[in-house]
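Worksheet: the structure to be examined is printed underneath.
In what follows, chains are A, B, ... by sequence order, proteins preceding strands, each numbered from 1.
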Protein chains: 2
Amino acid sequence: MVNKFAIHVSLSDLDRAAVQGLPHSVRYFESGSYIARDGDLTDHCTVLLSGFAFRHKITGQGLRQILSILIPGDIINLQQLYLDAADHNVQTLTPCKIATIPQVALRTMASDRTAIADALIASTMVDASIYREWMVNIGRRDARTRLAHLLCEFAARLDVQGIAPGQPYELPMTQEQLGDAIGLTTVHVNRTLRGLIKDGLVFQNKRGITFPEWEIFMVEADFNSRYLHLRERGTPPGYSF
Amino acid sequence: MVNKFAIHVSLSDLDRAAVQGLPHSVRYFESGSYIARDGDLTDHCTVLLSGFAFRHKITGQGLRQILSILIPGDIINLQQLYLDAADHNVQTLTPCKIATIPQVALRTMASDRTAIADALIASTMVDASIYREWMVNIGRRDARTRLAHLLCEFAARLDVQGIAPGQPYELPMTQEQLGDAIGLTTVHVNRTLRGLIKDGLVFQNKRGITFPEWEIFMVEADFNSRYLHLRERGTPPGYSF
DNA sequence: TTTATTTTCTAATCCATGTTACGAACATAA
DNA sequence: TTATGTTCGTAACATGGATTAGAAAATAAA
(Lines give C-alpha, C1' and ligand atoms only; values in the text may rest on other atoms or scores of the structure.)
Protein backbone atom coordinates (compact mmCIF):
# COMPACT_ATOMS: atom_id res chain seq x y z
CA MET A 1 0.00 0.00 0.00
CA VAL A 2 2.20 2.81 1.17
CA ASN A 3 5.43 0.93 0.75
CA LYS A 4 6.62 2.94 -2.17
CA PHE A 5 8.47 4.52 0.72
CA ALA A 6 10.93 1.77 0.03
CA ILE A 7 12.16 3.63 -3.02
CA HIS A 8 14.28 5.95 -0.92
CA VAL A 9 15.05 4.12 2.28
CA SER A 10 15.48 0.51 3.12
CA LEU A 11 12.69 -0.64 5.36
CA SER A 12 12.91 -3.59 7.69
CA ASP A 13 10.09 -6.11 7.80
CA LEU A 14 9.02 -4.54 11.06
CA ASP A 15 8.86 -1.13 9.42
CA ARG A 16 6.72 -2.50 6.63
CA ALA A 17 4.46 -4.23 9.07
CA ALA A 18 4.11 -1.00 11.04
CA VAL A 19 3.06 0.93 7.95
CA GLN A 20 0.63 -1.75 6.89
CA GLY A 21 -0.74 -1.97 10.38
CA LEU A 22 -1.52 1.74 10.61
CA PRO A 23 -5.06 2.36 11.81
CA HIS A 24 -7.01 3.91 8.99
CA SER A 25 -10.40 4.31 7.48
CA VAL A 26 -11.20 4.38 3.80
CA ARG A 27 -13.35 6.95 2.07
CA TYR A 28 -14.54 7.43 -1.48
CA PHE A 29 -14.76 10.75 -3.31
CA GLU A 30 -16.42 11.33 -6.61
CA SER A 31 -14.78 13.12 -9.47
CA GLY A 32 -14.35 16.84 -8.96
CA SER A 33 -14.80 16.91 -5.20
CA TYR A 34 -12.50 18.64 -2.75
CA ILE A 35 -10.35 16.45 -0.51
CA ALA A 36 -8.84 19.44 1.25
CA ARG A 37 -9.29 23.17 1.08
CA ASP A 38 -6.98 26.11 1.43
CA GLY A 39 -7.14 27.10 5.09
CA ASP A 40 -8.16 23.71 6.44
CA LEU A 41 -6.83 22.52 9.76
CA THR A 42 -6.86 18.80 10.30
CA ASP A 43 -5.61 16.13 12.65
CA HIS A 44 -5.28 13.28 10.22
CA CYS A 45 -3.18 12.39 7.27
CA THR A 46 -4.66 11.13 4.02
CA VAL A 47 -3.19 8.92 1.33
CA LEU A 48 -4.47 8.46 -2.21
CA LEU A 49 -5.16 4.76 -2.77
CA SER A 50 -6.66 4.88 -6.23
CA GLY A 51 -7.69 7.52 -8.75
CA PHE A 52 -6.07 10.84 -9.58
CA ALA A 53 -6.23 14.21 -7.90
CA PHE A 54 -4.49 17.56 -8.11
CA ARG A 55 -3.31 20.38 -5.91
CA HIS A 56 -4.21 23.92 -6.88
CA LYS A 57 -4.36 27.51 -5.75
CA ILE A 58 -6.49 30.43 -6.87
CA THR A 59 -5.03 33.92 -7.35
CA GLY A 60 -6.65 37.15 -6.23
CA GLN A 61 -7.94 37.60 -9.78
CA GLY A 62 -9.59 34.21 -9.70
CA LEU A 63 -7.08 32.44 -11.90
CA ARG A 64 -6.19 28.88 -11.05
CA GLN A 65 -2.74 27.35 -10.98
CA ILE A 66 -2.50 23.60 -10.73
CA LEU A 67 0.52 22.71 -8.61
CA SER A 68 0.85 18.98 -8.96
CA ILE A 69 -0.90 15.82 -9.96
CA LEU A 70 -1.39 13.14 -7.33
CA ILE A 71 -1.25 9.51 -8.34
CA PRO A 72 -2.05 6.43 -6.27
CA GLY A 73 0.35 6.06 -3.35
CA ASP A 74 0.89 9.79 -2.91
CA ILE A 75 0.43 11.34 0.50
CA ILE A 76 -2.11 14.09 0.24
CA ASN A 77 -1.76 16.23 3.32
CA LEU A 78 1.26 15.37 5.36
CA GLN A 79 1.98 19.05 5.48
CA GLN A 80 -0.85 19.99 7.75
CA LEU A 81 0.50 17.68 10.42
CA TYR A 82 3.71 19.61 10.62
CA LEU A 83 2.67 23.13 9.76
CA ASP A 84 -0.48 25.11 10.40
CA ALA A 85 -3.35 25.35 7.96
CA ALA A 86 -3.33 24.08 4.38
CA ASP A 87 -2.11 26.67 1.88
CA HIS A 88 -3.77 25.15 -1.18
CA ASN A 89 -6.65 22.98 -2.32
CA VAL A 90 -6.70 19.33 -3.28
CA GLN A 91 -9.42 18.19 -5.64
CA THR A 92 -10.12 14.87 -7.32
CA LEU A 93 -9.69 14.40 -11.05
CA THR A 94 -11.41 11.03 -11.14
CA PRO A 95 -13.32 9.04 -8.53
CA CYS A 96 -10.85 8.37 -5.72
CA LYS A 97 -10.34 6.01 -2.85
CA ILE A 98 -8.59 7.57 0.12
CA ALA A 99 -7.14 6.29 3.37
CA THR A 100 -7.34 8.47 6.45
CA ILE A 101 -4.76 7.96 9.17
CA PRO A 102 -4.90 9.66 12.56
CA GLN A 103 -2.11 12.12 13.08
CA VAL A 104 -0.90 10.58 16.35
CA ALA A 105 -0.53 7.12 14.84
CA LEU A 106 1.64 8.45 12.07
CA ARG A 107 3.73 10.67 14.28
CA THR A 108 4.44 8.06 16.88
CA MET A 109 5.40 5.66 14.12
CA ALA A 110 7.72 8.28 12.68
CA SER A 111 9.38 8.96 16.02
CA ASP A 112 9.72 5.27 16.86
CA ARG A 113 11.13 4.27 13.52
CA THR A 114 13.90 6.32 12.00
CA ALA A 115 13.45 4.63 8.65
CA ILE A 116 9.87 5.84 8.48
CA ALA A 117 10.80 9.38 9.43
CA ASP A 118 13.48 9.29 6.76
CA ALA A 119 10.99 8.05 4.22
CA LEU A 120 8.66 10.91 5.04
CA ILE A 121 11.44 13.44 4.61
CA ALA A 122 12.58 11.85 1.36
CA SER A 123 9.07 11.78 -0.01
CA THR A 124 8.58 15.45 0.84
CA MET A 125 11.83 16.22 -0.90
CA VAL A 126 10.85 14.44 -4.06
CA ASP A 127 7.69 16.52 -4.11
CA ALA A 128 9.79 19.65 -3.74
CA SER A 129 12.01 18.55 -6.60
CA ILE A 130 8.99 18.10 -8.85
CA TYR A 131 7.78 21.56 -7.91
CA ARG A 132 11.14 22.97 -8.94
CA GLU A 133 10.99 21.29 -12.32
CA TRP A 134 7.49 22.66 -12.84
CA MET A 135 8.81 26.14 -12.14
CA VAL A 136 11.39 25.68 -14.84
CA ASN A 137 8.74 24.35 -17.15
CA ILE A 138 6.29 27.17 -16.57
CA GLY A 139 8.86 29.92 -16.38
CA ARG A 140 11.28 29.12 -19.13
CA ARG A 141 9.93 26.73 -21.74
CA ASP A 142 7.64 27.55 -24.64
CA ALA A 143 4.13 26.16 -24.95
CA ARG A 144 5.00 23.13 -27.05
CA THR A 145 7.87 22.01 -24.86
CA ARG A 146 5.89 22.72 -21.74
CA LEU A 147 2.98 20.55 -22.74
CA ALA A 148 5.24 17.78 -23.98
CA HIS A 149 7.14 17.89 -20.71
CA LEU A 150 3.99 17.45 -18.66
CA LEU A 151 2.96 14.47 -20.77
CA CYS A 152 6.39 12.94 -20.31
CA GLU A 153 6.27 13.41 -16.57
CA PHE A 154 2.95 11.67 -16.43
CA ALA A 155 4.28 8.77 -18.44
CA ALA A 156 7.33 8.50 -16.23
CA ARG A 157 5.41 8.63 -12.99
CA LEU A 158 2.89 6.07 -14.13
CA ASP A 159 5.82 3.73 -14.50
CA VAL A 160 5.45 3.00 -10.81
CA GLN A 161 1.84 2.05 -11.53
CA GLY A 162 2.97 -0.58 -14.01
CA ILE A 163 2.67 1.44 -17.21
CA ALA A 164 6.12 1.62 -18.76
CA PRO A 165 7.22 5.04 -19.99
CA GLY A 166 6.36 5.54 -23.64
CA GLN A 167 3.39 3.20 -23.37
CA PRO A 168 -0.12 4.54 -23.95
CA TYR A 169 -2.03 5.83 -20.94
CA GLU A 170 -5.28 7.54 -20.08
CA LEU A 171 -4.82 11.21 -19.36
CA PRO A 172 -7.32 12.11 -16.67
CA MET A 173 -7.30 15.84 -17.40
CA THR A 174 -9.28 18.19 -19.61
CA GLN A 175 -7.45 20.69 -21.77
CA GLU A 176 -8.55 23.43 -19.41
CA GLN A 177 -6.85 21.60 -16.54
CA LEU A 178 -3.75 21.03 -18.63
CA GLY A 179 -3.65 24.74 -19.30
CA ASP A 180 -3.93 25.59 -15.61
CA ALA A 181 -1.10 23.18 -14.88
CA ILE A 182 1.36 24.68 -17.35
CA GLY A 183 0.23 28.29 -17.31
CA LEU A 184 -1.54 28.43 -20.67
CA THR A 185 -5.01 29.14 -22.00
CA THR A 186 -7.34 26.33 -23.00
CA VAL A 187 -7.29 27.60 -26.56
CA HIS A 188 -3.55 27.53 -26.69
CA VAL A 189 -3.32 24.07 -25.15
CA ASN A 190 -5.57 22.84 -27.92
CA ARG A 191 -3.49 24.48 -30.65
CA THR A 192 -0.31 23.12 -29.16
CA LEU A 193 -1.60 19.60 -28.66
CA ARG A 194 -2.89 19.65 -32.23
CA GLY A 195 0.60 20.64 -33.33
CA LEU A 196 2.17 17.69 -31.54
CA ILE A 197 -0.38 15.33 -33.06
CA LYS A 198 0.09 16.76 -36.55
CA ASP A 199 3.83 16.23 -36.22
CA GLY A 200 3.28 12.59 -35.32
CA LEU A 201 4.73 12.90 -31.83
CA VAL A 202 1.49 12.15 -30.04
CA PHE A 203 -1.39 9.95 -31.01
CA GLN A 204 -4.70 10.57 -29.33
CA ASN A 205 -7.79 8.41 -29.05
CA LYS A 206 -10.32 10.03 -26.73
CA ARG A 207 -8.41 10.46 -23.48
CA GLY A 208 -5.88 7.79 -24.45
CA ILE A 209 -2.44 9.11 -25.31
CA THR A 210 0.28 7.24 -27.24
CA PHE A 211 3.78 8.30 -28.18
CA PRO A 212 4.84 6.83 -31.53
CA GLU A 213 8.31 8.30 -31.16
CA TRP A 214 8.97 8.24 -27.43
CA GLU A 215 12.71 8.92 -27.67
CA ILE A 216 12.27 11.86 -30.00
CA PHE A 217 9.38 13.12 -27.95
CA MET A 218 11.46 13.22 -24.79
CA VAL A 219 14.04 15.36 -26.55
CA GLU A 220 11.35 17.68 -27.84
CA ALA A 221 10.03 17.93 -24.28
CA ASP A 222 13.46 18.71 -22.82
CA PHE A 223 12.65 15.87 -20.45
CA ASN A 224 15.07 14.11 -18.16
CA SER A 225 13.52 12.04 -15.43
CA ARG A 226 16.32 12.62 -12.93
CA TYR A 227 14.30 15.16 -10.99
CA LEU A 228 11.72 12.49 -10.14
CA HIS A 229 14.37 10.67 -8.10
CA LEU A 230 12.90 7.30 -8.95
CA ARG A 231 16.00 5.45 -7.92
CA GLU A 232 17.19 4.55 -4.47
CA ARG A 233 20.20 6.34 -3.04
CA GLY A 234 23.26 4.25 -3.69
CA THR A 235 21.78 2.50 -6.71
CA PRO A 236 24.03 2.81 -9.74
CA PRO A 237 22.64 5.38 -12.19
CA GLY A 238 21.96 3.12 -15.18
CA TYR A 239 20.18 5.31 -17.68
CA SER A 240 16.86 3.56 -17.87
CA PHE A 241 15.39 6.41 -19.97
CA MET B 1 22.42 29.85 14.75
CA VAL B 2 20.12 27.25 13.31
CA ASN B 3 17.41 27.61 15.91
CA LYS B 4 14.91 29.16 13.60
CA PHE B 5 13.79 25.54 13.71
CA ALA B 6 11.95 26.69 16.77
CA ILE B 7 9.39 28.39 14.56
CA HIS B 8 7.62 25.15 13.83
CA VAL B 9 8.38 22.83 16.71
CA SER B 10 9.07 23.43 20.35
CA LEU B 11 12.63 22.50 21.13
CA SER B 12 13.85 21.55 24.56
CA ASP B 13 17.04 23.08 25.92
CA LEU B 14 18.75 19.79 25.17
CA ASP B 15 17.59 19.94 21.56
CA ARG B 16 18.93 23.44 21.22
CA ALA B 17 22.19 22.45 22.76
CA ALA B 18 22.44 19.52 20.37
CA VAL B 19 21.96 21.75 17.36
CA GLN B 20 24.44 24.28 18.62
CA GLY B 21 26.89 21.54 19.43
CA LEU B 22 26.85 20.08 15.94
CA PRO B 23 30.34 19.56 14.60
CA HIS B 24 30.86 21.88 11.70
CA SER B 25 33.40 23.82 9.76
CA VAL B 26 32.91 27.25 8.29
CA ARG B 27 33.74 28.27 4.74
CA TYR B 28 33.55 31.52 2.85
CA PHE B 29 32.38 31.90 -0.75
CA GLU B 30 32.70 34.99 -2.83
CA SER B 31 29.86 36.48 -4.78
CA GLY B 32 28.80 34.47 -7.81
CA SER B 33 30.42 31.19 -6.85
CA TYR B 34 28.74 27.81 -6.87
CA ILE B 35 28.00 26.19 -3.53
CA ALA B 36 26.52 23.11 -5.16
CA ARG B 37 26.04 21.90 -8.69
CA ASP B 38 23.38 19.91 -10.45
CA GLY B 39 24.53 16.29 -10.25
CA ASP B 40 26.66 16.65 -7.14
CA LEU B 41 26.80 13.86 -4.61
CA THR B 42 27.82 14.84 -1.14
CA ASP B 43 28.02 13.53 2.39
CA HIS B 44 27.57 16.72 4.29
CA CYS B 45 24.88 19.22 4.87
CA THR B 46 25.46 22.94 4.51
CA VAL B 47 23.72 25.88 6.13
CA LEU B 48 23.84 29.49 5.02
CA LEU B 49 25.13 31.59 7.90
CA SER B 50 25.34 34.97 6.24
CA GLY B 51 24.85 36.43 2.80
CA PHE B 52 22.35 35.51 0.09
CA ALA B 53 22.30 32.71 -2.43
CA PHE B 54 19.87 31.21 -4.94
CA ARG B 55 18.88 27.88 -6.40
CA HIS B 56 18.59 27.56 -10.14
CA LYS B 57 18.31 25.19 -13.05
CA ILE B 58 19.23 25.53 -16.71
CA THR B 59 16.96 24.29 -19.48
CA GLY B 60 18.09 22.40 -22.56
CA GLN B 61 18.02 25.66 -24.48
CA GLY B 62 20.30 27.27 -21.96
CA LEU B 63 17.68 29.38 -20.23
CA ARG B 64 17.95 29.81 -16.52
CA GLN B 65 15.15 29.59 -13.99
CA ILE B 66 15.85 30.74 -10.47
CA LEU B 67 13.97 28.53 -8.04
CA SER B 68 14.38 30.21 -4.71
CA ILE B 69 16.36 32.74 -2.76
CA LEU B 70 18.28 31.55 0.27
CA ILE B 71 18.63 33.83 3.25
CA PRO B 72 20.74 33.37 6.37
CA GLY B 73 19.59 30.39 8.40
CA ASP B 74 18.39 28.41 5.39
CA ILE B 75 19.58 24.86 4.91
CA ILE B 76 21.22 24.58 1.52
CA ASN B 77 21.42 20.91 0.70
CA LEU B 78 19.53 18.75 3.08
CA GLN B 79 18.08 17.04 0.06
CA GLN B 80 21.22 15.29 -1.01
CA LEU B 81 21.37 13.51 2.32
CA TYR B 82 18.05 11.84 1.71
CA LEU B 83 17.93 11.47 -2.04
CA ASP B 84 20.59 10.83 -4.64
CA ALA B 85 22.37 13.57 -6.55
CA ALA B 86 21.45 17.25 -6.52
CA ASP B 87 18.96 18.21 -9.21
CA HIS B 88 19.79 21.89 -9.34
CA ASN B 89 22.55 24.42 -8.70
CA VAL B 90 23.11 26.71 -5.76
CA GLN B 91 25.06 29.87 -6.36
CA THR B 92 25.90 32.83 -4.15
CA LEU B 93 24.39 36.24 -4.72
CA THR B 94 26.69 38.03 -2.31
CA PRO B 95 29.75 36.91 -0.36
CA CYS B 96 28.57 34.10 1.90
CA LYS B 97 29.55 32.35 5.09
CA ILE B 98 28.59 28.70 5.17
CA ALA B 99 28.62 25.98 7.80
CA THR B 100 29.31 22.42 6.73
CA ILE B 101 27.94 19.63 8.89
CA PRO B 102 28.83 15.98 8.36
CA GLN B 103 25.87 13.93 7.27
CA VAL B 104 26.17 11.35 10.05
CA ALA B 105 26.12 13.96 12.78
CA LEU B 106 22.92 15.43 11.45
CA ARG B 107 21.22 12.11 10.84
CA THR B 108 22.01 10.67 14.22
CA MET B 109 20.78 13.83 15.83
CA ALA B 110 17.58 13.58 13.82
CA SER B 111 17.00 9.97 14.79
CA ASP B 112 17.81 10.58 18.46
CA ARG B 113 15.64 13.62 18.79
CA THR B 114 12.14 13.58 17.40
CA ALA B 115 11.83 17.32 17.72
CA ILE B 116 14.78 17.78 15.40
CA ALA B 117 13.45 15.35 12.85
CA ASP B 118 10.13 17.15 12.98
CA ALA B 119 11.86 20.47 12.49
CA LEU B 120 13.63 19.14 9.41
CA ILE B 121 10.38 17.90 7.94
CA ALA B 122 8.61 21.16 8.73
CA SER B 123 11.40 23.20 7.20
CA THR B 124 11.32 21.11 4.03
CA MET B 125 7.58 21.62 3.87
CA VAL B 126 7.85 25.35 4.16
CA ASP B 127 10.27 25.30 1.24
CA ALA B 128 7.75 23.28 -0.75
CA SER B 129 5.03 25.76 0.09
CA ILE B 130 7.16 28.61 -1.18
CA TYR B 131 7.80 26.71 -4.40
CA ARG B 132 4.08 26.32 -4.87
CA GLU B 133 3.47 30.02 -4.45
CA TRP B 134 6.21 30.76 -6.98
CA MET B 135 4.46 28.48 -9.45
CA VAL B 136 1.29 30.47 -9.01
CA ASN B 137 3.27 33.66 -9.41
CA ILE B 138 5.07 32.60 -12.55
CA GLY B 139 2.18 30.76 -14.11
CA ARG B 140 -0.79 32.98 -13.43
CA ARG B 141 0.14 36.54 -12.54
CA ASP B 142 1.09 39.34 -14.93
CA ALA B 143 4.51 40.95 -14.96
CA ARG B 144 3.72 43.81 -12.61
CA THR B 145 2.04 41.66 -9.99
CA ARG B 146 4.75 39.04 -10.30
CA LEU B 147 7.57 41.43 -9.64
CA ALA B 148 5.70 43.11 -6.81
CA HIS B 149 5.02 39.72 -5.27
CA LEU B 150 8.67 38.78 -5.30
CA LEU B 151 9.60 42.05 -3.62
CA CYS B 152 6.94 41.46 -0.98
CA GLU B 153 8.18 37.98 -0.29
CA PHE B 154 11.66 39.26 0.20
CA ALA B 155 10.43 41.90 2.61
CA ALA B 156 8.41 39.35 4.54
CA ARG B 157 11.22 36.84 4.79
CA LEU B 158 13.72 39.43 5.89
CA ASP B 159 11.42 40.03 8.82
CA VAL B 160 13.13 37.10 10.50
CA GLN B 161 16.41 38.90 9.92
CA GLY B 162 15.19 41.89 11.86
CA ILE B 163 13.95 44.03 8.99
CA ALA B 164 10.23 44.57 9.50
CA PRO B 165 8.07 44.11 6.42
CA GLY B 166 7.51 47.36 4.57
CA GLN B 167 10.84 48.69 5.74
CA PRO B 168 13.58 49.46 3.22
CA TYR B 169 16.02 46.72 2.38
CA GLU B 170 18.91 46.01 0.04
CA LEU B 171 17.90 43.82 -2.84
CA PRO B 172 20.90 41.63 -3.63
CA MET B 173 19.79 40.83 -7.18
CA THR B 174 20.37 42.33 -10.60
CA GLN B 175 17.43 42.87 -12.91
CA GLU B 176 18.58 39.93 -14.97
CA GLN B 177 18.37 37.69 -11.91
CA LEU B 178 14.97 39.11 -11.01
CA GLY B 179 13.84 38.21 -14.50
CA ASP B 180 15.11 34.67 -14.22
CA ALA B 181 13.30 34.31 -10.92
CA ILE B 182 9.89 35.38 -12.20
CA GLY B 183 10.13 34.19 -15.79
CA LEU B 184 10.62 37.54 -17.52
CA THR B 185 13.20 39.24 -19.72
CA THR B 186 15.65 41.75 -18.29
CA VAL B 187 14.15 44.42 -20.48
CA HIS B 188 10.68 43.73 -19.23
CA VAL B 189 11.76 43.65 -15.61
CA ASN B 190 13.19 47.09 -16.13
CA ARG B 191 10.00 48.38 -17.76
CA THR B 192 7.88 46.89 -15.01
CA LEU B 193 10.02 48.12 -12.14
CA ARG B 194 10.00 51.55 -13.72
CA GLY B 195 6.22 51.37 -13.78
CA LEU B 196 6.04 50.58 -10.08
CA ILE B 197 8.40 53.44 -9.31
CA LYS B 198 6.48 55.88 -11.49
CA ASP B 199 3.28 54.96 -9.66
CA GLY B 200 4.91 55.69 -6.33
CA LEU B 201 4.67 52.12 -5.05
CA VAL B 202 8.41 51.56 -4.91
CA PHE B 203 11.22 53.93 -4.20
CA GLN B 204 14.66 52.93 -5.33
CA ASN B 205 18.06 54.22 -4.34
CA LYS B 206 20.78 52.08 -5.89
CA ARG B 207 20.01 48.59 -4.62
CA GLY B 208 17.97 49.93 -1.72
CA ILE B 209 14.22 49.42 -2.02
CA THR B 210 11.54 51.24 -0.06
CA PHE B 211 7.77 50.89 -0.14
CA PRO B 212 6.04 54.21 0.48
CA GLU B 213 2.64 52.50 0.44
CA TRP B 214 3.29 49.06 1.86
CA GLU B 215 -0.37 48.16 2.43
CA ILE B 216 -1.40 49.18 -1.07
CA PHE B 217 1.65 47.52 -2.50
CA MET B 218 0.76 44.18 -0.94
CA VAL B 219 -2.67 44.34 -2.53
CA GLU B 220 -1.15 45.20 -5.88
CA ALA B 221 1.18 42.22 -5.45
CA ASP B 222 -1.67 39.86 -4.56
CA PHE B 223 0.50 39.03 -1.58
CA ASN B 224 -0.58 37.13 1.50
CA SER B 225 2.21 35.86 3.68
CA ARG B 226 0.33 32.77 4.85
CA TYR B 227 2.27 30.50 2.51
CA LEU B 228 5.49 31.36 4.31
CA HIS B 229 4.14 29.66 7.44
CA LEU B 230 5.97 32.07 9.69
CA ARG B 231 3.91 31.19 12.70
CA GLU B 232 4.14 28.18 14.94
CA ARG B 233 1.44 25.54 14.77
CA GLY B 234 -1.14 26.25 17.43
CA THR B 235 -0.32 29.94 17.62
CA PRO B 236 -3.43 32.04 17.15
CA PRO B 237 -3.48 33.56 13.65
CA GLY B 238 -3.36 37.26 14.54
CA TYR B 239 -3.02 39.07 11.25
CA SER B 240 0.35 40.67 11.67
CA PHE B 241 0.33 41.80 8.03
C1' DT C 1 -34.41 8.42 -27.42
C1' DT C 2 -34.05 13.70 -26.56
C1' DT C 3 -32.10 17.38 -24.02
C1' DA C 4 -28.58 19.61 -21.38
C1' DT C 5 -23.84 20.23 -20.29
C1' DT C 6 -19.17 19.84 -20.74
C1' DT C 7 -15.30 19.53 -23.64
C1' DT C 8 -12.96 20.09 -27.95
C1' DC C 9 -11.77 22.62 -31.89
C1' DT C 10 -11.15 26.71 -34.89
C1' DA C 11 -10.75 31.44 -36.55
C1' DA C 12 -9.97 36.49 -36.03
C1' DT C 13 -8.00 39.93 -33.50
C1' DC C 14 -5.18 42.01 -29.90
C1' DC C 15 -1.69 42.88 -26.61
C1' DA C 16 1.75 41.70 -23.05
C1' DT C 17 6.00 40.35 -23.27
C1' DG C 18 10.07 39.01 -26.06
C1' DT C 19 13.89 40.52 -29.21
C1' DT C 20 17.45 43.29 -30.82
C1' DA C 21 20.28 47.04 -30.38
C1' DC C 22 22.84 50.54 -28.20
C1' DG C 23 24.12 54.39 -25.14
C1' DA C 24 24.61 55.85 -20.22
C1' DA C 25 25.78 54.94 -15.54
C1' DC C 26 28.35 52.48 -12.35
C1' DA C 27 31.88 49.40 -10.65
C1' DT C 28 36.33 47.31 -10.41
C1' DA C 29 40.74 46.64 -11.63
C1' DA C 30 45.23 48.08 -13.62
C1' DT D 1 43.31 58.11 -14.28
C1' DT D 2 42.22 55.24 -17.89
C1' DA D 3 40.67 50.76 -19.33
C1' DT D 4 37.18 47.08 -19.01
C1' DG D 5 33.24 44.98 -17.75
C1' DT D 6 28.70 44.92 -15.63
C1' DT D 7 24.27 46.62 -14.96
C1' DC D 8 20.67 49.83 -16.13
C1' DG D 9 17.66 52.31 -19.09
C1' DT D 10 15.01 52.93 -23.44
C1' DA D 11 13.37 52.73 -28.13
C1' DA D 12 11.58 50.16 -32.27
C1' DC D 13 9.80 46.24 -33.72
C1' DA D 14 8.32 41.18 -33.67
C1' DT D 15 5.60 37.48 -31.85
C1' DG D 16 3.76 33.90 -28.84
C1' DG D 17 0.11 33.34 -26.50
C1' DA D 18 -4.34 35.71 -24.68
C1' DT D 19 -9.01 37.01 -25.74
C1' DT D 20 -13.40 36.63 -27.63
C1' DA D 21 -16.78 34.16 -29.95
C1' DG D 22 -18.87 30.23 -31.61
C1' DA D 23 -19.70 25.79 -33.83
C1' DA D 24 -18.92 20.73 -33.53
C1' DA D 25 -18.33 16.72 -30.84
C1' DA D 26 -18.57 14.06 -26.87
C1' DT D 27 -20.69 12.93 -22.45
C1' DA D 28 -24.07 12.85 -19.06
C1' DA D 29 -28.75 13.34 -17.63
C1' DA D 30 -33.72 12.96 -18.26
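Nearest nucleotide to the side chain of A:L184, out of D:dG17, D:dG9, C:dT17: D:dG17. Closest to the side chain of A:A143, out of C:dT10, D:dT7, D:dG17, is D:dG17. Looking at the side chain of B:R207, the nearest of the listed nucleotides C:dT8, D:dA18, D:dC8 is D:dC8. Across D:dT7, D:dT19, D:dA11, the shortest atom-to-atom separation from the side chain of A:V187 is found for D:dT19.
When the side-chain nitrogen and oxygen atoms of A:R144 are compared with OP1 and OP2 of D:dG16, none of them lie within a distance under 4.0 Å. Between A:K206 and the phosphate of D:dA25, there is no side-chain N or O to OP1/OP2 separation shorter than 4.0 Å. One finds no side-chain N or O of A:N190 lying less than 4.0 angstrom from the OP1 or OP2 phosphate oxygen of C:dT8.
Counting any heavy atom pair closer than 4.0 Å across all strands shown, A:T185 reaches a base atom. Among the heavy atoms of the strands, none lies under 4.0 Å from A:G32.
Rounded to an integer number of Å, the gap from CD of B:E176 to P of D:dG5 is 17 Å. The CD-C1' distance, from A:Q204 to D:dA26, rounds to 12 Å in whole Å. Atom CG of B:L193 and atom P of D:dT7 are 16 Å apart (whole Å). At whole-Å resolution of the value, CZ in A:R141 and P in C:dT17 are 21 Å apart. Counting to the nearest Å, the P atom of C:dT8 and the CG atom of A:N205 are 14 Å from each other. Separating the CD1 atom of B:I138 from the P atom of C:dT17 is a distance of 14 Å, rounded to the nearest angstrom. The separation between B:M173 atom CE and D:dT6 atom C1' is 16 Å, rounded to whole Å. To the nearest angstrom, C1' of C:dT19 lies 13 Å from NE2 of B:H188.
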Does A:D180 form a salt bridge (charged side-chain N to carboxylate O under 4.0 Å, His left out) with B:R140? I'd like the steps, not just the answer. CA-CA 8 Å; A:D180 284 346; B:R140 287 297 183 215; 2.7 Å; yes
Chi angles and distances behind the side-chain contact (heavy atoms from CB on, under 4.5 Å) call for B:L70, B:F52: CA-CA 6 Å; B:L70 300 171; B:F52 295 95; over 6 Å; no
Mind running salt bridge (charged side-chain N to carboxylate O under 4.0 Å, His left out) on A:D199 and A:R144 for me, showing each step along the way? CA-CA 12 Å; A:D199 297 349; A:R144 182 184 173 97; 2.8 Å; yes
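Across the interface with DNA chain D, nearest-nucleotide mapping of B:Q177 and A:G183 shows B:Q177 to be the residue nearer the 5′ end.
Interface remark: the A:R191 side chain does not form any donor-acceptor pair with the C:dA11 base, using a distance-only criterion of under 3.5 Å.
Distance check: A:R37 CZ to A:Q91 CD gives 7.5 Å after rounding to the nearest 0.5 Å.
A centroid separation of 6.0 Å or more is found between the aromatic rings of B:F211 and B:F203.
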